[in-house]
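Labels below follow one simple rule: chain letters A, B, ... track the order of the sequence lines, proteins then strands, and each chain is numbered from 1. Scope of the values below: all heavy atoms of this structure, side chains included, with no hydrogens, waters or symmetry mates.
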Amino acid sequence: MRLELGIIKIEDVQFGDETIIGDGTLYVNKKELINLALQDDRLAEADVELARPGEEVRIIPVKDVIEPRVKVSGPGELFPGIIGKMGTVGAGRTNVLRGATLVTVGRIVGFQEGLIDMSGPGAQYSPFSQTNNVALILRPINGLAPHAHEEAVRLAGLRAAVYLGKAGKDVAPDEVEVYELRSVTDASLPKIAYVHPLLSQGLLHDTYLYGVDAKKILPTLIHPNEVMDGAIVSGNCVSACDKHTTFHHMNNAVIKELYRRHGKDLNFIGVIVTNLNVSLADKERSSDYASKLAKLIGADGVVVTNEGFGNPDTDLMMLCKKMEDYGIKTVLITDEFAGRDGASQSLADVVPEADAVVSVGNANEVITLPPMKHIIGDLKPAEVIAGGFDGCLGADGSVKIEIQSIVGSTCQLGFGKLTAQGR
Amino acid sequence: MVKYKVVHYLNQFFGQIGGEEKADIPPLIKEGAIGPGKALQQALGEEGEIVATVICGDGYFADNIDVAAEKVVELISPYKPDVFVAGPAFNAGRYGIACGASCSAVRERLGIPVITAMYEENPGLDLYRKRVYIIPTGDSARYMKEAIPKMAGFVRKLGLGQEIGTPQEEGYFPQGIRVNLFVDRTAAERAVDMLLAKLKGEPFQTEYPMPAFELIPPSPPIEDLRSATIALVTSGGIVPLGNPDRIEAASASKFAEYNIAEVNDLTSDAYETAHGGYDPTYANEDADRVLPVDAMRTLEKEGIIGKLHDFYYVTVGNATSVASCERFGKEIAKKLKAAGVNGVILTST
């Protein structure tokens with residue numbers, strides 16, 4: 001399975017008569033994008049705004065972030081089983097509008113969407129402060145149930161990202177990245193698998209694998225290229241800091257790092273996707289099954305990432321213990337909830353086997369974000385989104401908030417450079 | 001040239017007021033450096049100036065910790081110091097507590113950096129190490145000579161606004177707090193490095209050493225359920241409509257207690273959830289789904305349990321720190337115990 005990602009660098013985004021790419025600028029036909037969103041009669045209103053790095057703009061509340069791409073050749077369509085026809089993705093050529101994103105904006109649960117600042121101190125915490133964002137602001141029809149609202153916004157976002165991506169279909173990429181899991185002849189290299197748990201708690205905490213609700217899967221093997229080519233889609237409304245947006249799935253940092261060192265320092269033997277369900281029996285079954293698969297494919301070591309916090313800490317620890325019991329060396333990537341003063345224990349569950357942990361930061365840390373000249377969406381929910389609190393919104397438009405509210409601030413897919421240290 | 005101003009805290013003995021017979025004097029302030037402060041001033045050189053010294057009797061402070069600490073804040077604030085330094089207290093327990101408490105109060109109220117120094121067994125250490133930089137010293141004034149230069153170095157850093165590194169780098173007692181910082185490499189890169197080191201049996205350093213969890217032994221089973229009073233306690237956020245105590249949707253800072261003596265069923269016109277971690281549709285439709293008052297009343301009627309306790313306790317378990325949960329748990333348990341409750345059903349979400 002050979003995947004070529006044709007990287008088209010996007011350095012600016014502007015409205016235009018046609019949705020096209022010219023000289024590194026993505027031009028967006030606003031009207032077409034709005035009409036596309038409103039094809040879903042569960043959505044009453046749509047609007048589009050643009051946000052570029054360095055601007056005094058705050059986007060809130062953010063639901064998902066998606067990288068615009070287009071399948072140029074090879075089987076399958078983007079987001080198969082959801083809006084694309086079913087077919088195995090991960091092979092052929094996919095062009096990527098690198099530096100552009102589609103951001104869905106609007107309240108869903110009211111609690112667990114996040115914010116993106118395009119400048120100021122908040123900008124260093126979100127990868128989407130450095131991208132040119134096309135914000136799709138969506139309002140549902142009255143009385144729409146939250147789960148239907150979530151689905152409508154999710155599908156509208158995916159459709160919009162595919163629409164934008166099509167602008168790159170015939171554009172010559174600036175560079176081509178090739179991902180192919182060639183067999184490794186050096187038997188001395190350790191065999192490494194990546195274990196990728198997907199949040200699947202229900203009640204708007206869901207992820208989709210080829211369109212299948214991850215709650216209902218047994219842990220399974222997947223080629224890393226499939227993950228990178230849109231097989232996993234976020235349906236999550238969990239805290240913004242550590243939910244994997246669809247963008248994060250398409251750009252999984254652990255997969256990229258294992259690919260980079262494949263054949264040199266290690267032998268990357270595959271990805272095991274598992275879920276993060278709520279019942280104890282589910283947790284036992286999934287961690288049993290995922291660790292057994294790792295053993296079956298002969299892994300010497302695994303990297304295990306996590307999504308969300310609290311309840312999923314138990315899954316993470318079960319995975320760790322069971323992998324280590326099989327003699328598979330395990331490293332975990334997790335964020336911390338150590339309280340605003342950093343003085344609490346960081347995880348809701350631990351096992352002694354978890355002796356190799358990478359921390360992506362304390363999500364409870366409070367930051368003051370200065371007022372911005374322009375708000376895309378609505379600032380008021382800052383007080384109720386996870387990480388906000390009563391009175392966190394200043395009269396001048398400043399926000400004192402936990403970094404928990406910033407999209408991707410403590411991403412447990414290893415995307416960022418934030419960590420926490422004991423002092 | 002003076003670049004920063006310092007106020008120093010001493011007890012009555014080092015403050016040259018007197019011995020144990022003067023231990024009951026309340027806080028007072030004097031201009032300039034006194035006693036060990038003179039050596040500290042010398043070590044600071046011309047950059048930092050000890051503009052005043054607060055002195056308080058150890059006995060007075062220990063008997064009136066909050067009042068004394070408040071008074072210290074009040075006395076020093078007109079001097080507008082850039083740094084507050086206390087001690088060294090060595091192994092003097094009351095003095096160590098006074099140093100820690102005054103530093104903690106000054107830091108919180110005036111927002112300036114603070115530092116103190118004491119021996120590792122001083123009871124002030126565990127009480128204040130999380131909030132205050134505390135430098136290790138020997139156990140008695142014999143070690144003053146070693147303590148002063150270390151304190152001066154730290155005061156200087158704080159005074160000049162320099163960044164304070166890790167306990168290993170700077171020599172203060174670890175505070176047990178987690179501090180965020182950006183590093184050069186992504187978490188994915190660090191994870192793969194760590195895994196390769198672990199596989200090769202090479203040394204590696206975990207970024208989060210696992211804490212020791214407190215193991216709670218379960219209570220013995222209830223012998224006669226038919227005469228037992230059972231309480232409901234939930235982290236699922238079920239509150240009277242309007243959330244009268246304003247429990248936060250995430251990172252809850254409190255729990256609440258509500259009377260359900262007259263309630264047989266939680267209906268949507270009277271109860272809802274304050275929890276921000278899940279789709280509230282089903283909990284708001286029927287809060288019994290999270291806090292099963294209706295089912296408990298049935299069990300009560302059928303005589304399977306003696307009685308449902310008249311009060312239920314609720315918080316929101318969504319990104320709420322373990323430390324907060326421990327505190328809520330202890331306080332709720334105390335109330336239930338005092339009310340003679342025999343058993344509890346904990347419901348989460």
d(B/H275 NE2, A/L203 CG) to nearest 0.5 Å is 10.5 Å
Can you tell me if B/D184 has over 12 outside heavy atoms packed within less than 6.0 Å of its CG? no
CZ/B/R107: more than 12 non-hydrogen atoms of other groups inside 6.0 Å: no
Could you look at A/I333 and say if it's the side chain, the backbone, both or neither that has a heavy atom under 4.5 Å from chain B? side chain
Are B/L195 and A/K329 side-chain neighbours, meaning at least one heavy-atom pair lies under 4.5 Å? yes
Can you check whether A/A338's main-chain N or O pairs, donor with acceptor, with B/R178's side chain at less than 3.5 Å? no
Kindly give the heavy-atom pair with the smallest separation between A/E257 and B/A188, and that separation in Å. CG-O, 3.8 Å
Atom group of A/I403 that falls short of 4.5 Å from chain B, counting heavy atoms: side chain
CD (B/E108) with more than 12 external heavy atoms under 6.0 Å: no
From A/R261 atom CZ to B/E189 atom CD, the distance as rounded to the nearest 0.5 Å: 8.0 Å
Is it the case that more than 12 heavy atoms not belonging to B/R185 sit under 6.0 Å from its CZ atom? yes
Among A/G301, A/G339, A/A356, who wins on heavy-atom pairs under 4.5 Å with chain B? A/A356
Ignoring hydrogens and angles, tell me if any N or O in the side chain of A/N362 forms a donor-acceptor pair with the backbone of B/N180 under 3.5 Å. no
Would you say the side-chain atoms of A/Q421 and B/T166 include a donor-acceptor pair closer than 3.5 Å? no
Within a radius of less than 6.0 Å around NZ of B/K150, do more than 12 heavy atoms belonging to other residues, nucleotides or ligands occur? yes
Which pair of heavy atoms, one from B/T186 and one from A/G414, lies closest together, and at what distance? CB-O, 3.5 Å
Where do A/S344 and B/A323 come nearest, in terms of heavy atoms and distance? OG-N, 2.9 Å
One should read off an interatomic distance between A/H147 NE2 and B/T281 OG1, to the nearest 0.5 angstrom, of 8.0 Å
So which of A/A386, A/C237, A/A354, A/P352 has the biggest tally of heavy-atom pairs under 4.5 Å with chain B? A/A354
With a cut-off of 6.0 Å (strictly less than), are more than 12 heavy atoms of other residues, nucleotides or ligands near CZ of B/R109? no
B/V192 and side-chain contact (heavy atoms from CB on, under 4.5 Å): which partner among A/V358, A/I192, A/L266? A/L266
Chain B contacts, top residue of A/T330, A/D300, A/V254 (heavy-atom pairs, under 4.5 Å): A/T330
Quick check: do B/F204 and A/V331 have side-chain heavy atoms less than 4.5 Å from each other? no
Rounded distance [0.5 Å steps], CG in A/L189 versus CG in B/L199: 11.0 Å
Scored by heavy-atom pairs under 4.5 Å with chain B, the best of A/E402, A/Q412, A/Q201 is A/E402
Counting heavy-atom pairs under 4.5 Å with chain B, which one of A/N252, A/L413, A/L347, A/V360 comes out on top? A/L347
Contact origin within A/A348 toward chain B - heavy atom pairs under 4.5 Å: backbone
Please report the interatomic distance NZ(B/K198) to CG(A/D355), rounded to the nearest 0.5 Å. 4.0 Å
For the candidates B/S251, B/C325, B/P174, B/A250, which exhibits the highest count of non-hydrogen atom pairs separated by less than 4.5 Å from chain A? B/S251
B/Y282, part contacting chain A, at a heavy-atom distance under 4.5 Å: side chain
Considering only heavy atoms, which portion of B/P280 lies under 4.5 Å from any heavy atom of chain A: side chain, backbone, both, or neither? side chain
Contact class of A/Q404 relative to chain B, heavy atoms under 4.5 angstrom: side chain
Looking only at A/L258, A/T305, A/D349, A/V350, most heavy-atom pairs under 4.5 Å shared with chain B are made by A/V350
Please look at B/Y133 and chain A and tell me whether the side chain, the backbone, both or neither of the residue comes under 4.5 angstrom of a heavy atom of that chain. neither
Nearest 0.5 angstrom please: A/D341 CG to B/Q175 CD, how far? 11.0 Å
Evaluate whether atom CD of B/Q205 has more than 12 neighbouring non-hydrogen atoms of other residues, nucleotides or ligands under 6.0 angstrom away. no
What residue in B/R190, B/Q168, B/R131 has the most heavy-atom pairs under 4.5 Å with chain A? B/R190
Side-chain donor/acceptor of B/E248 to backbone N/O of A/F389, under 3.5 Å: no
Could you tell me which portion of A/V278 (side chain, backbone, both or neither) has an atom closer than 4.5 angstrom to a non-hydrogen atom of chain B? neither
Can you tell me which of B/T320, B/T206, B/N318 forms the most heavy-atom pairs within a distance under 4.5 Å of chain A? B/T206
Is it the case that atom CD in B/Q162 sees more than 12 heavy atoms from other parts of the structure closer than 6.0 Å? yes
Counting heavy-atom pairs under 4.5 Å to chain A, which of B/A187, B/A191, B/S324 comes out on top? B/A187
Least distance between heavy atoms, A/G422 atom then B/P167 atom: O-CD, 3.8 Å
Non-hydrogen atoms of chain B under 4.5 Å away: do they reach the side chain of A/V238, the backbone, both or neither? neither
Sort A/Y194 into side chain, backbone, both or neither according to what part of it lies under 4.5 angstrom from a heavy atom of chain B. neither
